[in-house]
Amino acid sequence: MVVQPIEGPFAEIARVIQRVEAALLTTVDRDGRFHTRPLQTLGIESDRSLWFFTAAESEKAHELLHDVRLSLAYADRRSGSYVAIAGTGRILHDPAKARLLWTMEQRAYYPRGADDERLALLCVRVERAECWIAPGKSVHLLAAIAARISGTPATIVGRHFSVP
């Protein structure tokens, strides 16, 4: 994954994305229904752009021509880190950028490499991101004990923050 140096509040979100790599991308189809599928994150840039490959004639490419709104979800259960992103997407052809993001495993989908005519880039501009970082099981156990004793449920165990 190609990652530019990132500063500020988005840096922690970028670190979670790097660990997870695969996102669940949700777009809106022509009938106004949600359509979700997995997608590998190939790049993260300091301007809060995320990069993916997609087939130029894929459903997601056609859906984004009609409605640019999308969401991405990342979950890393091992570290207890979760990210939800709301943003917009655009499909473009940029062979130089494709070569920069290229990984050998992509050849399974694009046998001709980064110059494959079917290959398009999906650039997601992050408009809002939320992150939840949960501590280990022992902290959850302590929160459960405290809730049981006090009768007051925990609100959030761990940290939650948003980046507008």
Side-chain angles (χ1 to χ4, degrees), residues 1-28 34-54 58 60-61 63-64 67-92 94 96-106 108-110 114 119-148 150 152-164:
M1 181 183 308
V2 177
V3 182
Q4 289 183 346
I6 298 171
E7 302 289 328
F10 190 66
E12 191 163 8
I13 288 170
R15 282 192 292 277
V16 173
I17 291 171
Q18 276 183 270
R19 283 194 308 267
V20 178
E21 286 190 28
L24 285 176
L25 167 72
T26 301
T27 54
V28 180
F34 297 124
H35 184 183
T36 304
R37 77 285 273 161
L39 209 55
Q40 182 182 11
T41 308
L42 298 172
I44 307 171
E45 295 186 349
S46 58
D47 68 352
R48 295 169 40 162
S49 294
L50 304 176
W51 291 89
F52 307 85
F53 286 163
T54 188
S58 66
K60 75 181 84 58
E63 290 166 356
L64 288 166
D67 192 334
V68 297
R69 297 174 301 157
L70 56 76
S71 72
L72 294 165
Y74 295 86
D76 182 8
R77 283 194 44 126
R78 288 185 199 157
S79 71
S81 302
Y82 306 89
V83 170
I85 290 174
T88 57
R90 64 187 170 107
I91 302 294
L92 57 134
D94 183 341
K97 183 73 168 181
R99 283 190 289 280
L100 178 68
L101 298 170
W102 186 258
T103 62
M104 194 51 117
E105 64 193 85
Q106 298 301 319
Y109 305 102
Y110 308 102
L119 174 62
L121 297 168
L122 165 57
C123 178
V124 171
R125 174 74 177 128
V126 176
E127 294 177 353
R128 188 179 74 245
E130 287 188 77
C131 186
W132 295 265
I133 299 176
K137 290 183 180 186
S138 59
V139 175
H140 275 93
L141 180 59
L142 290 173
I145 292 168
R148 176 70 175 123
S150 69
T152 305
T155 52
I156 293 176
V157 178
R159 292 187 314 123
H160 169 255
F161 61 94
S162 299
V163 177

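Model, not experiment: these values are computed from the prediction. Start at 1 with the first residue, then count along the sequence.
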With a 4.5 Å limit on heavy-atom distance, are the side chains of [X] and [Y] in contact?
{"X": "L119", "Y": "W102", "result": "yes"}
{"X": "L39", "Y": "L122", "result": "yes"}
{"X": "R90", "Y": "R125", "result": "no"}

So for atom CZ, which belongs to F161, do other residues, nucleotides or ligands contribute more than 12 heavy atoms lying within a distance under 6.0 Å?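 Enclosed.
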
Going by the salt bridge (charged side-chain N to carboxylate O under 4.0 Å, His left out) test, which pairs reach into residues 73-85, not counting sequence neighbours?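 Residue pairs with at least one partner in residues 73-85: R19-D76.
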
Got a sec, which pairs hit salt bridge (charged side-chain N to carboxylate O under 4.0 Å, His left out) with one end in residues 1-15, sequence neighbours left out?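 Qualifying pairs, neighbours excluded: E12-R159.
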
With rounding to the nearest 0.5 angstrom, report the [atom1] to [atom2] distance, [X] to [Y].
{"X": "Y74", "Y": "I17", "atom1": "OH", "atom2": "CD1", "value": "4.5 Å"}
{"X": "C123", "Y": "I91", "atom1": "SG", "atom2": "CD1", "value": "9.5 Å"}
{"X": "I44", "Y": "W51", "atom1": "CD1", "atom2": "CH2", "value": "13.0 Å"}

For [X] and [Y], work out which heavy atoms get closest and say how close.
{"X": "Q18", "Y": "E21", "value": "O-CG, 3.5 Å"}
{"X": "P164", "Y": "R48", "value": "O-NH2, 2.5 Å"}
{"X": "A23", "Y": "L72", "value": "CB-CD2, 3.9 Å"}
{"X": "V163", "Y": "F10", "value": "CG2-N, 4.3 Å"}
{"X": "I13", "Y": "A129", "value": "CD1-CB, 3.5 Å"}
{"X": "V83", "Y": "C131", "value": "CG2-SG, 4.0 Å"}

Side chain to side chain donor-acceptor pair (under 3.5 Å), paired with T27, selected from H35, R37, R69: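 Result: among H35, R37, R69, R37 is the only option passing the side chain to side chain donor-acceptor pair (under 3.5 Å) with T27.
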
Any idea how Y110 and F53 line up, ring-wise: parallel (<30°), tilted (30 to 60°), or perpendicular (>60°)?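 Perpendicular: the ring planes of Y110 and F53 meet at over 60°.
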
When F52 is tested against each of L101, L42, L25, T41 for side chain to side chain contact (heavy atoms under 4.5 Å, CB included), which residue passes?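 Of the listed residues L101, L42, L25, T41, the side chain to side chain contact (heavy atoms under 4.5 Å, CB included) partner of F52 is T41.
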
According to side-chain hydrogen bond (donor to acceptor under 3.5 Å, both in side chains), who are the partners of S46, at least two apart in sequence or on a separate chain?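 Testing S46 for side-chain hydrogen bond (donor to acceptor under 3.5 Å, both in side chains), a comparison that skips the adjacent residues, returns Q4.
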
